[in-house]
Amino acid sequence: VPIERYRNFCIVAHIDHGKSTLSDRLLELTGTISASDSNKQILDKLDVERERGITVKAQTCTMLYNHRGEDYLIHLVDTPGHVDFRAEVTRSYASCGGALLLVDASQGIQAQTASNFHLAFAQDLALVPVINKIDMVSADVPRVLEQIETSFELDPKDAVLVSAKTGKGVDRILPAVIEKIPNPVGDEKKPLKMLLVDSWYDNFRGVVLLVRVFDGIIRAGDNVVSLGTGMKYTVGQVGIQYPDATPQSVLRAGQVGYVFFNPGMKKIQDAKLGDTFTTIQDEDAVEPYPGFEEPKPMVFVAAFPTDQSDYSKVADSISQLVLNDRSVTLQKAFSEALGSGWRLGFLGSLHCSVFQDRLKQEHGGDVILTEPTVPTKIIWADGSEEVVQNPMQFPDASDQRLRSAQLFEPFVRATITMPEEYLGRVIELCEANRGEQKKLDFFHSTQVILIYDLPAAQLVDDFFGKLKGATKGYATLDYEDAGWREGKLVKLQLLVNKQPVDAICRVVHTSQVDRLGRQWVSKFKEHVQRQMFEIIIQAATGNRIVARETIKAFRKDVLAKLHAADITRRRKLLEKQKEGRKRLRSIGNVVIEQAAFQKFLSK
Ligand code: GDP
Ligand code: MG
């Protein structure tokens, strides 16, 4: 098949609008999988992705399709639908010439449709509108056609109307892809120029690379070099996903496929996404691509094994997972309350919970995670900047240097869509979370698009859950980084018998201090057993106590058997008891079982 008959495309959609179902239909239609194949949703490979209906890693699948008597080689590159994985979405787009803009006929445009459209548009992708779920009684095709025209300026006459479920209209998609999406350009006679789009770790092959060949050809035995790392490799195998890894003799300019080396690439860190590869002899002749920006972690949690004797087992599981997800950052951590563990950085809160689920599902690791936190930026009086990721390392409120320093917290720009009837409640929620309204648009009077700037700290505090609660699940949310903003921030700590508990500490906006402090204290109290001595639980910012609870000691009734008259003996006994309590109190922190901290953190 010549390059003029290649097409590389992806599907841009809001979650649940039918991307996976439609992909399966297209694979069936081209005979790539059989219709009776019980293993549906070929592109959503990991269990957790299937379960949550999200795609985390970009996958690709090749199809052969005959159109008007000619064979076409079509690559469908699946892209993650979720906001936290924007960097991966951008990378997938870089290997495509166009995209299907898939919209659910009963839902219309939603937050992720809009944000992914803007990303795809910015990368010059040719867009083919596809309206799905036309079989549903609640489908309103004319309304959705009007939406795509007014908001995306796409011609409704180009739209393909389908039901991925019944298969109706699906046969018109690939002809539209062939006619509307340009073929890749590239010259297979030029030196090899290959872009690294994605990678994953395989126990047998080492790191497998998903690549887009722009120029030249690549085959097993070629000696190649990474222009990003300078490291040299010998190609072990090249191939395409059809739908599983299928070896090929060559990959040519314009193709998307996989490559692994022999000996295999050992570390996933050596596969720098956006890196350019060429052959050793052409190293000086090929200009590398600019590369992709490394995503920065924005949500941090600390993780500790529930049982310290499981430390090395859990450590293995975590490093296995990190091996496949370079966007997670990992450091060792120690907590007096919880023992040895790790600090992990994630792109966002969903990314964080996906990781947590994988840890449980794939490795059975039993891990306690602290509440998610976001970084804080300090500009000191002398102008120097510092970004503090670990709240425990943030200076105490009593630190004099803070008086002349400026503090900043990360903000996000959130796009929220919802039916109009919930608008009031959503605005209330955003305002209560320190949001600042940026834009309000009515789509066809029933659907509202609301744009708010929100502190990232509020977003990680289960904002999505609250939003769903306020709208009976009808709202959709997407967000992008909106930079640092100055704010009045302080370190809030939980104290037990005046000692800070290192695992429970956060940098928060002063307006949140009282609410959060009270919440911590009463929640922690629930989990602490009454003991022989008094336990004082406090939330504090520096010297200011924000909230306090006391757990009374059991009082051994040492006086019960005494005559009231025996005063000296009575006094002596009471003094003895007091001393005993003092001793216990002095070791108060240690007596609190680890289980209490674990219960507090696991909600
Ligand atoms: P994704 O999140 O975009 O990958 O969406 P899925 O393909 O997983 O589909 C989400 C849900 O919509 C599933 O329950 C599908 O069965 C259903 N669905 C997908 N396409 C259609 C369709 O054309 N009609 C109807 N009625 N349901 C559909
Ligand atoms: Mg899906």
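What you see is a predicted model; the values in this text were computed from it and never measured. In listed order, ligands and their atoms are each counted from 1. In this chain, numbering begins with 1 at the start of the sequence shown.
- The aromatic rings of His67 and Tyr65 lie parallel to each other, their planes meeting at an angle below 30°, with 60° marking the opposite boundary.
- Residue contacts with ligand 1, taken as heavy atom pairs separated by less than 4.0 Å, involve Thr21 via backbone and side-chain atoms alike.
- In summary, of the residues considered (Arg506, Arg485, Arg434), a salt bridge (Lys or Arg N to Asp or Glu O under 4.0 Å) with Glu409 occurs for Arg434 alone.
- Ring orientation note: the planes of Tyr6 and His75 are nearly perpendicular, at an angle over 60° on the 30°/60° scale.
- Only side-chain heavy atoms of Asn132 come within less than 4.0 Å of ligand 1; its backbone N, CA, C and O stay farther off.
- Checked by atom type and distance alone, the side chain of Ser163 never pairs as donor or acceptor with a backbone atom of Lys168 at under 3.5 Å.
- Of all the listed residues (Lys133, Lys168, Met136), Lys133 holds the heavy atom that lies closest to atom 11 (C) of ligand 1.
- Heavy-atom proximity to Lys19, at under 4.0 Å, picks out these atoms of ligand 1: 1 (P), 3 (O), 4 (O), 5 (O), 7 (O).
- The distance from ligand 1 to the heavy atoms of Asp135 drops below 4.0 Å at these ligand atoms: 22 (C), 23 (O), 24 (N), 25 (C), 26 (N).
- Annotation: Ala164 places an N or O atom under 3.5 Å from an N or O atom of ligand 1; distance criterion only.
- Close approach of ligand 1 to Ser20 (heavy-atom distance below 4.0 Å) involves ligand atoms 1 (P), 4 (O), 7 (O).
- Residues Gly254 and Ile3 come closest through the heavy atom pair CA-CD1, 4.0 Å.
- Ser226 contributes atom OG, which lies 9.5 Å from atom CE of Met194 (distance to the nearest 0.5 angstrom).
- The Asp16 neighbourhood of ligand 1 comprises atoms 1 (P), 2 (O), 3 (O), 5 (O), 10 (C), 12 (O), with distances under 4.0 Å to a heavy atom of that residue.
- The N/O atoms of Val162, backbone and side chain alike, include none that comes under 3.5 Å of an N/O atom in ligand 1.
- For the atom pair CG of Asn433 and CD of Gln458, the computed distance is 4.5 Å after rounding to the nearest 0.5 Å.
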